[in-house]
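I have placed the structure first, in the form of structure tokens, so that the comments after it can refer back to it.
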Amino acid sequence: MNDTTIIDLLFERSEQCLSLLTDKYKALAVKILSEILTDRSDVEECFNDLLLAVWNSIPPQRPHSMTAYVCTLTRRIGINRYNYNHRSKRDMYQLLLSELDEAIPDPTSEEPTSGTEITDVLNRFVKALDPEGRVLFLRRYVYFESVADMAARFGMSENAISSRLFRMRKKLQKMLREENIEV
């Protein structure tokens, strides 16, 4: 079943689309949620929240890429649950935020930057990366994969992965500064 059909069914408010969404996107959503959350029941509950969020947001939204839309909602729901569960604890999510701290715009800057500008720069940055670098960057900062898991997956040392990610963050920081986005 293609995404256009699923979106059309959502616009028609057909409950059939929920089973189609589950068939097509559950494995991906569960993978993303499992990287953020450790409790299996939280993962299942967040997946159900995802279905509700898709149902409530389409219409009026009509995403160009259902996969990207589902991933974005999944990450947001997972992070919200994580924050709820770990208000004062520091682990993977906090670690990733601290890694990106020097390469993301400063929310307290005098001239706030629009999300569209940042998205534009991030998209260009990711497209400019070599294919392996792109995969590493996305696996780490979009799918929250650990450095150890990536090292095993790509047959590289953890130091090599960490070094590449560090250099990519520095390039992103430089690109943001060149675009006059305060970091």
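Using a 4.5 Å heavy-atom cutoff, the side chains of Arg81 and Val43 are not in contact. Contact annotation: the side chain of Arg164 approaches that of Arg167 to within less than 4.5 Å [non-hydrogen atoms, C-beta and beyond]. Within the 4.5 Å cutoff, the side chain of Gln16 has no heavy atoms near those of the Leu21 side chain. The closest side-chain heavy-atom distance from Phe47 to Thr22 is below 4.5 Å. Annotation: side chain of Ile32 is not in contact with side chain of Val142 (no heavy-atom distance under 4.5 Å). Under the 4.5 Å side-chain criterion, counting only non-hydrogen atoms from C-beta, Arg13 is in contact with Pro59. Considering only heavy atoms from C-beta on, Asp3 comes within 4.5 Å of Tyr25 through its side chain. Proximity of Phe11 to Arg62: side-chain heavy atoms (C-beta onward) are separated by under 4.5 Å at one or more points.
Between Ile7 atom CD1 and Gln61 atom CD the span is 10.5 Å, to the nearest 0.5 Å. Between Arg140 atom CZ and Ser146 atom OG the span is 7.0 Å, to the nearest 0.5 Å. From Glu45, atom CD reaches atom CG of Leu33 across 11.0 Å, with rounding to the nearest 0.5 Å. In this structure, CG in Leu176 is found 14.5 Å from NZ in Lys171, a value given to the nearest 0.5 Å. The SG atom of Cys46 sits 12.0 Å away from atom CG of Leu52, with the distance rounded to the nearest 0.5 Å. Taking CG of Leu172 as the start and CG of Leu165 as the end, the distance is 12.0 Å to the nearest 0.5 Å.
Within the 3.5 Å criterion, the main-chain N or O of Met150 finds no donor-acceptor partner in the side chain of Arg139.
The salt bridge (Lys or Arg N to Asp or Glu O under 4.0 Å) search around Lys26 returns Glu44, not counting sequence neighbours.
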Could you go through the side-chain contact (heavy atoms from CB on, under 4.5 Å) check for Ser34 and Arg40 one step at a time? CA-CA 8 Å; Ser34 296; Arg40 185 75 183 155; 4.2 Å; yes

What verdict does the side-chain contact (heavy atoms from CB on, under 4.5 Å) test give for Lys174 and Arg169, after you've listed the backbone C-alpha separation in whole Å, the side-chain angles of each residue and the deciding distance to 0.1 Å? CA-CA 9 Å; Lys174 181 181 176 190; Arg169 290 191 307 271; over 6 Å; no

Evaluate the criterion side-chain contact (heavy atoms from CB on, under 4.5 Å) for residue pair Lys31 and Tyr143; output intermediate values, then yes/no. CA-CA 8 Å; Lys31 169 70 174 134; Tyr143 298 114; 6.0 Å; no

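In summary, the side chains of Thr5 and Asp8 do not present any donor paired with an acceptor at a separation below 3.5 Å, with no hydrogens or angles considered.
Summarising the geometry of Ile36 relative to Ile79, their closest heavy-atom pair is CG2-N, 4.1 Å, with the distance given to 0.1 Å. The two residues Ile77 and Ala53 have their closest heavy-atom pair at CD1-CB, 4.1 Å. In this structure, Ile6 and Lys24 approach most closely via the heavy-atom pair CD1-CD, 4.1 Å. Nearest heavy atoms, Ser57 versus Leu73: OG-CD1, 4.3 Å. For the residue pair Arg134 and Val126, the shortest heavy atom distance occurs at NE-O, 3.0 Å. When all heavy atoms of Gly133 and Met168 are compared, the pair lying nearest together is O-SD, 3.4 Å.
The local environment of CD in Glu178 is crowded, with over 12 non-hydrogen atoms from other residues, nucleotides or ligands closer than 6.0 Å.
Ionic pairing of Glu35 and Arg75 is not present here: no N-O contact between side-chain nitrogen and carboxylate oxygen is shorter than 4.0 angstrom.
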For residues 151-162, tabulate all N or O donor-acceptor pairs below 3.5 Å that involve a side-chain atom, not counting sequence neighbours.
from, atom 1, to, atom 2, distance (Å)
Arg153, NE, Glu145, OE2, 3.2
Ser157, OG, Ala160, N, 3.0
Ser162, OG, Glu158, O, 3.1

